[in-house]
Amino acid sequence: MKIINLGPWVFYIEGKPQFDEHKVGKWMYFFKDKERVAGLCKAAVEQGIVLEAKHSDAPDGVSCFYLECDDMESHKKVIQFFLDNDMIQKTKTGKLYNISFKLDDQTRAGEYGEMFQSEIKLEQFLDLYTGEWK
């Protein structure tokens with residue numbers, strides 16, 4: 001595994017991922033503890049959950065776990081990794097937030113906030129109330 005620090009981002013990469021640029025995207029985790037998230041990104045790559053992960057090189061920010069949108073097994077691996085590491089917030093009632101997968105094409109197009117509409121959401125894989133797989 002290579003760890004590459006490019007200033008605003010720290011990348012964790014296994015091999016030479018060959019992603020289709022129009023299919024690649026990420027599940028994101030927003031953090032407040034850079035040391036913890038660095039360990040999570042490293043672990044996800046070392047454990048073969050993803051071939052590439054990154055996090056912003058700041059005390060708090062965002063981390064990204066990359067895969068192709070049509071790779072359902074990889075989605076399940078990333079979601080399970082998120083669950084195992086308490087990376088999905090819950091509402092006051094205990095329901096999981098319906099986090100989204102974001103394509104890099106959407107990021108390049110400047111889709112953020114209200115403009116961002118994901119076709120892949122957590123609710124497609126899990127019951128948000130029980131956390132059980134569908």
Side-chain angles (χ1 to χ4, degrees):
M1 177 181 54
K2 293 184 284 187
I3 300 173
I4 304 166
N5 189 328
L6 295 178
W9 295 103
V10 179
F11 291 83
Y12 301 79
I13 303 170
E14 183 60 47
K16 293 186 180 195
Q18 300 292 317
F19 294 121
D20 178 320
E21 71 174 307
H22 299 296
K23 290 183 178 182
V24 69
K26 61 267 183 189
W27 287 98
M28 296 176 283
Y29 170 65
F30 295 87
F31 66 89
K32 295 187 186 314
D33 180 350
K34 184 172 89 170
E35 299 306 315
R36 178 174 185 262
V37 85
L40 291 169
C41 287
K42 184 177 180 189
V45 173
E46 286 178 338
Q47 295 172 22
I49 307 298
V50 293
L51 295 176
E52 183 176 335
K54 74 178 184 182
H55 62 81
S56 47
D57 194 16
D60 58 3
V62 64
S63 56
C64 303
F65 298 80
Y66 289 93
L67 59 135
E68 290 185 349
C69 62
D70 58 355
D71 185 347
M72 291 303 129
E73 286 308 308
S74 289
H75 282 294
K76 291 175 184 176
K77 284 199 268 184
V78 171
I79 292 166
Q80 188 62 57
F81 183 82
F82 274 36
L83 291 169
D84 292 345
N85 290 285
D86 197 28
M87 297 168 67
I88 303 172
Q89 291 185 352
K90 293 182 179 178
T91 66
K92 290 179 184 177
T93 62
K95 176 182 163 189
L96 293 166
Y97 276 99
N98 194 20
I99 62 175
S100 301
F101 177 83
K102 187 174 188 181
L103 289 166
D104 282 4
D105 279 350
Q106 292 176 293
T107 300
R108 285 189 289 272
E111 294 180 26
Y112 294 94
E114 299 276 326
M115 293 181 60
F116 169 61
Q117 298 293 320
S118 178
E119 293 184 22
I120 302 173
K121 295 182 170 275
L122 187 63
E123 68 187 356
Q124 293 168 249
F125 299 93
L126 297 177
D127 179 308
L128 300 178
Y129 292 95
T130 66
E132 293 179 11
W133 292 95
K134 290 187 172 184

side-chain contact (heavy atoms from CB on, under 4.5 Å) involving Glu132 - partner list, sequence neighbours excluded: Thr130

Pair listing, ring-ring contact (aromatic ring centres under 6.0 Å, His included) test, anchored in residues 41-67, at least two apart: Tyr12-His55, Phe65-Phe82

Hydrophobic cluster of Phe116, others only, ordered by chain and residue number, side-chain cut-off 4.5 Å: none

Trp133: side-chain hydrogen bond (donor to acceptor under 3.5 Å, both in side chains) partners, not counting sequence neighbours: Gln80

Residue list, side-chain hydrogen bond (donor to acceptor under 3.5 Å, both in side chains) with Ser118, at least two apart or on another chain: none

Other ILVMFWY residues reachable from Met115 by side-chain steps of under 4.5 Å: none

side-chain hydrogen bond (donor to acceptor under 3.5 Å, both in side chains) against Glu119, all qualifying residues, sequence neighbours excluded: none

Val45 side chain reached by Val50 side chain, heavy atoms, under 4.5 Å: yes

Partner residues of Lys76 under the salt bridge (Lys or Arg N to Asp or Glu O under 4.0 Å) criterion, sequence neighbours left out: Glu73

Single-linkage hydrophobic cluster, 4.5 Å side-chain cutoff, Met87 and Ile49 together: yes

same_hphob_cluster(Leu51, Phe101) at 4.5 Å side-chain heavy-atom cutoff: no

Distance-minimising heavy-atom pair for Leu126 and Gly131: CD2-O, 3.6 Å

Distance in Å, Lys77 NZ paired with Gln47 CD, rounded so as to fall on 0.5 Å steps: 10.5 Å

With Asn98 via side-chain contact (heavy atoms from CB on, under 4.5 Å) - residues at least two apart: Lys121, Leu122, Glu123, Leu128

Flag side-chain contact, heavy atom, 4.5 Å: Ile120 against Cys69: yes

Glu52 to Phe11 - nearest heavy-atom pair and separation: OE2-CD2, 3.7 Å

Shared hydrophobic cluster, Tyr129 / Leu83 (ILVMFWY, side-chain heavy atoms < 4.5 Å): no

Spacing of CD belonging to Glu68 relative to CG belonging to Leu103, to within rounding of 0.5 Å: 10.5 Å

Shared hydrophobic cluster for Ile88 and Val62 (ILVMFWY, side-chain gaps under 4.5 Å): no

Check: Lys42 side chain, Ile3 main-chain N or O, donor-acceptor pair, under 3.5 Å: no

Residue pairs, two or more places apart or on separate chains, that pass salt bridge (charged side-chain N to carboxylate O under 4.0 Å, His left out) and touch residues 53-67: Lys34-Asp57

CA sep, side-chain torsions, deciding dist, call: Ile99, Ile79, side chain to side chain contact (heavy atoms under 4.5 Å, CB included): CA-CA 10 Å; Ile99 62 175; Ile79 292 166; over 6 Å; no

Met72 with Val78, same ILVMFWY side-chain cluster at under 4.5 Å: yes

Can you list, pair by pair, the side-chain donor-acceptor contacts under 3.5 Å of residues 18-31, counting residues two or more places apart and other chains?
| unit_1 | atom_1 | unit_2 | atom_2 | d |
| --- | --- | --- | --- | --- |
| Gln18 | NE2 | Lys16 | O | 3.3 |
| Asp20 | OD1 | His22 | N | 2.8 |
| His22 | ND1 | Asp105 | OD2 | 3.0 |
| Lys23 | NZ | Asp70 | OD2 | 2.9 |
| Lys26 | NZ | Asp104 | OD1 | 2.7 |
| Lys26 | NZ | Thr107 | OG1 | 2.7 |
| Trp27 | NE1 | His75 | ND1 | 2.9 |
| Tyr29 | OH | Arg36 | NH1 | 2.9 |

Side-chain cluster (under 4.5 Å, hydrophobic types only) that Tyr112 belongs to, other residues: none

